[in-house]
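Since the structure comes first, as structure tokens, the remarks are kept for the end.
All values below come from the heavy atoms of this structure, side chains included, with hydrogens, waters and symmetry mates left out. The chains referred to below are lettered A, B, ... by the order of the sequence lines, with proteins before strands, and numbering in each begins at 1.
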Amino acid sequence: MSLLDNLNPPQLAAVTLEPRHALVLAGAGSGKTRVLTTRMAWLIQTGQVSPHGLMAVTFTNKAAREMLTRMTSMLPINTRGMWIGTFHGLCNRMLRAHHRDAGLPQTFQILDTADQLSSIKRMLKGAGIDDEKFPPRQVQQFINGSKEEGLRHTDVEANDNFNRQLVELYGMYDAQCQREGVVDFSELLLRSYELLSRNAPIREHYQHRFRHILVDEFQDTNRLQYRWLKLLAGGGGAVFAVGDDDQSIYAFRGANVGNMAEFERDFAADQVIRLEQNYRSYGHILDAANMLIRNNSGRLGKNLWTDRGHGEPIRVYEAMSDQQEAQWVVEEIRSLVNDGRLRSQIAILYRSNAQSRVLEHALFSAQVPYKVYGGLRFFERQEIKHALAYLRLMENPHEDTAWMRVVNFPTRGIGARTLEQQADIARTHAISLYSAVGHVAGRGGNNLAQFASLVDRMRFETQNLPLHEIVEHVIEASGLIAHYQTEKEGTERIENLRELVNAAAAFASEDGYAADDAGALATTLPETGQVLPSPLAAFLSHAALEAGDNQASLGQDAVQLMTVHAAKGLEFEAVFISGMEEGLFPHENSILEPAGLEEERRLMYVAITRARERLYMSFSQTRMLHGQTRYHMRSRFLTEVPEESLKWLTPKMGLAKGMDTAPAWGRSSAWIDSESADGVSMGRSRGKDVHGYVGAAETYSSRRTAQAGVEVNGKTFMVGQSVAHPRFGEGVIVHLQGAGQDAQVQINFSGSGTKTLALGVAKLDPI
DNA sequence: TGAATATCAATTTTT
DNA sequence: TTGATATTCA
């Protein structure tokens, strides 16, 4: 029994490639992870590389874990000290090992996105910056964006005053982080990159060490990650990059698909392997995916195929309202479950989280167990972050972000003015809040001193205690438990705090945290006198880098609800893609720009390829969004999919021919009733977004409230209705005026913009 | 200090 | 419409 058994020819070729740079275009469901893990096992088994000389990088901890598990199941080796992990995890590891060379304190802590934001807010406040003019989020974006391009504040070009100030804020922020001994996520990457590029011995050490670098989801890498990889591979290490440009859906957070093409050129990766055989889905589903994605330009090119046959066509459903759409989904799910399907094998996907509410409501009413993905994760919960802040202060009392978070939580009589006073002192002396405590006068100063000594005492009292006992001590001694006991809804928070103790125990018992690398490295580089990080420090890094499961808790068999983004990498027997509407999917914010639209299309591609056996798509004529009724046209993506692969469960309308008779379910009274419930009022219009359908963004939808229909020549028209015009094509009625032959309609046409037409004259057909 | 009230924004998200 | 955050008032 060999590792290489049962691989298809391209897979085999990829696994056994000679040690040169290579690009593997791995389509959805083509066995990507298998190729990656088998190659690692094969390289080691054949003695081409030692576990020590191999690096495997992923984006998520989950992917890293899976890689580790699958590799060790093929080749039972000790993976301790192997560099398999996320970009951030590996950079953290490197910076811990060389904190001195990287200019960081040994106990540096990691700011997650929320911590970073509050750090920025605090900085802006301290500097007296108007946060109207410089919204903290925008400053944060600017900083992270710059870092992800590899730019320090001294490197960023600023052409106008505003940007110059942003650059200055960037510099201030970095200085503040440095002073406090903290790094944010992008800083992990950038600092590691700078360490490698500036420190020749360290660079050469790693370049020499890693003979093989395997990268997962290469299409999601940003520019800095690309350069980091390039630097690491600079000593002759072979990069094995696996990715799928058609599944690149994270451009909005810095991912650069262009890295794939650039890799091919830049690394002279003459070996490009395509994995196109799909083991997941039936033919109709793959046909739809292939045909859809062909509308994108500049692809590296790939066509999925299967030998499993066509399977069932994609079922398409048009609903009257979002509620009815949800109801239909529930009915279908019920029948799927009756047929013996597991609920956990059924997923409902949507473009944006707001869409989950109606679906949840329908599922809940029908008593169908379901699970929504997304939302707060364990380490992001308020009570957990509070507890972690205490623990962080014990590691490093100068960390002002943590200080501010818990200095008065639970309340201990430290008010805003005291804190302002303290901040002023800290700023003028350029010292930490902790160091400034002694200089604050009055009762407030006294309370501050008490808090500082509480932190010191907790540190002292937990010396030499095992990790989970430290945590246990802290949640009690900090007063957190007592505080939540008095709160009405504190029970769950207390449970979570107890769970944190368990998490600490579990973490310490795993072999995860031991930084045996530091040891291994010390033997190579004796000059870096290594000290192992304390278990607490390691646990805090762990908490920041792995915010905990967002995944469904095991247990009851439940229908899976999530965004399309969250579904990437997953698969289900049956998949519902809901809200197939212009403005929703593709999202209105992305329709304008070609690049945005193409990313939406890739997103749809991802959605489609999640389905193994059965795929449903649905859309609705009416949808409640932001408190207003909206009318959308059905998604263009429905037309980009082969007609033969679709099976319309409701009559397909809107094509030039064959719409002679209105269907029985047509404009039913139910539709009108539901609208008249909230009357003819225009709602509290905000003016700017209601009027003027000039931009293309408004082309497909109207935010007007429905009003009574108008009958002309035996046809009834009303606001929100879809109509067809011989010259202008399809559109939605956004406004009706007058009655009878003189009535005027304003219509948003998908191709030709907004037109105002006379109902008596225009050749309009309801569709 | 904390609760009540106004205001504002509203894809997608991992680390 | 919801939800998160900022501001105000007792």
Begin from the C-alpha positions of A/T107 and A/E395 and carry the test side-chain hydrogen bond (donor to acceptor under 3.5 Å, both in side chains) through to its verdict.
CA-CA 7 Å; A/T107 58; A/E395 270 301 295; 5.1 Å; no

Tabulated below should be each protein N or O lying under 3.5 Å from an N or O of nucleotides 5-9 of chain C; please produce it.
none

Expressed as a whole number of angstroms, how long is the span from A/Q628:CD to C/dT2:C1'?
13 Å

Between A/L540 (CG) and B/dT15 (C1'), how many Å, whole number?
16 Å

At under 4.0 Å, does any side-chain N or O of A/R357 touch on OP1 or OP2 of C/dG3?
yes

Please check the phosphate of B/dT11 (OP1 and OP2 only) for any side-chain N or O of A/N353 closer than 4.0 Å.
no

What does A/D184 touch in the nucleic acid at a heavy-atom separation under 4.0 angstrom: a base, only the sugar-phosphate, or nothing?
nothing

Below 30° counts as parallel, above 60° as perpendicular, anything between as tilted: where do the rings of A/F379 and A/F539 land?
perpendicular

Residue mapping more 5' on DNA chain B - nearest nucleotide basis, A/E380 or A/H587
A/H587

Does A/Q355 reach a base, just sugar-phosphate, or nothing at all? Heavy atoms under 4.0 Å.
nothing

A/H88-B/dT15 aromatic stacking (under 5.5 Å, under 30°)
no

Looking at B/dT15, I'd like to know if its phosphate oxygens (OP1 or OP2) sit under 4.0 Å from a side-chain N or O belonging to A/N92.
no

Which is true for A/F59 with a 4.0 Å heavy-atom rule: it touches a base, it touches only sugar-phosphate, or it touches nothing?
sugar-phosphate

Once ring-ring contact (aromatic ring centres under 6.0 Å, His included) is applied, do any residues pair with A/H386, and if so which ones, sequence neighbours excluded?
A/F409

Distance check, P atoms only: B/dT13 and C/dA4, in whole angstrom units.
15 Å

Nearest whole Å is fine: how far is B/dT13 P from A/Q116 CD?
19 Å

Test the A/R137-A/F142 pair against the cation-pi criterion, namely NZ or CZ under 6.0 angstrom from the six-membered ring centroid and within 45° of the ring axis.
no

When the distance from NE2 of A/H632 to C1' of B/dT11 is rounded to whole Å, what number comes out?
13 Å

Out of the candidates A/R377, A/R65, A/H88, only one should pair with A/E546 under the side chain to side chain donor-acceptor pair (under 3.5 Å) rule; please name it.
A/R65

Check the phosphate of B/dT13 against A/T563, side-chain N and O only, distance under 4.0 Å to OP1 or OP2. Yes or no?
yes

side-chain contact (heavy atoms from CB on, under 4.5 Å) between A/R623 and A/L584, worked out:
CA-CA 10 Å; A/R623 186 172 296 274; A/L584 256 194; 3.4 Å; yes

Hey, are A/D322 and A/R630 close enough for a salt bridge, meaning a charged N less than 4.0 Å from a carboxylate O?
no

Whole angstroms only, please: what is the CZ-P distance between A/R602 and B/dT12?
18 Å

Nearest-Å distance, CG (A/D216) to C1' (B/dT14)?
13 Å

Compare all side-chain heavy atoms of A/Y226 with those of A/L229 and state whether any distance is below 4.5 angstrom.
no

For B/dT12 versus C/dT5, give the span between their P atoms, rounded off to a whole number of Å.
15 Å

Donor/acceptor link under 3.5 angstrom from A/T86 side chain onto base of B/dT14
no

Whole-Å C1' distance, C/dA6 and B/dT11:
24 Å

Return no unless some side-chain N or O of A/R253 is found under 4.0 Å from OP1 or OP2 of B/dT15.
no

Under the side-chain hydrogen bond (donor to acceptor under 3.5 Å, both in side chains) criterion, do A/E217 and A/Q219 qualify, and how do the steps go?
CA-CA 5 Å; A/E217 307 277 17; A/Q219 77 282 352; 2.7 Å; yes

Answer yes or no as to whether B/dT13 has its base stacked against A/Y250, where stacking requires a ring-centre separation under 5.5 angstrom and planes under 30 degrees apart.
no

To the nearest angstrom, how far is A/L117 atom CG from B/dT15 atom C1'?
16 Å

For A/L603 and B/dT13, give me the distance from atom CG to atom P, rounded to whole Å.
10 Å

Centroid-to-centroid, A/F585 to A/H632, below 6.0 Å?
no

Protein-nucleotides 1-6 of chain B N/O pairs closer than 3.5 Å?
residue, atom, partner, partner atom, Å
B/dT1, OP1, A/N408, ND2, 3.3

Give a yes or no on this: more than 12 heavy atoms of other residues, nucleotides or ligands lie within 6.0 Å of atom CZ of A/F252.
yes

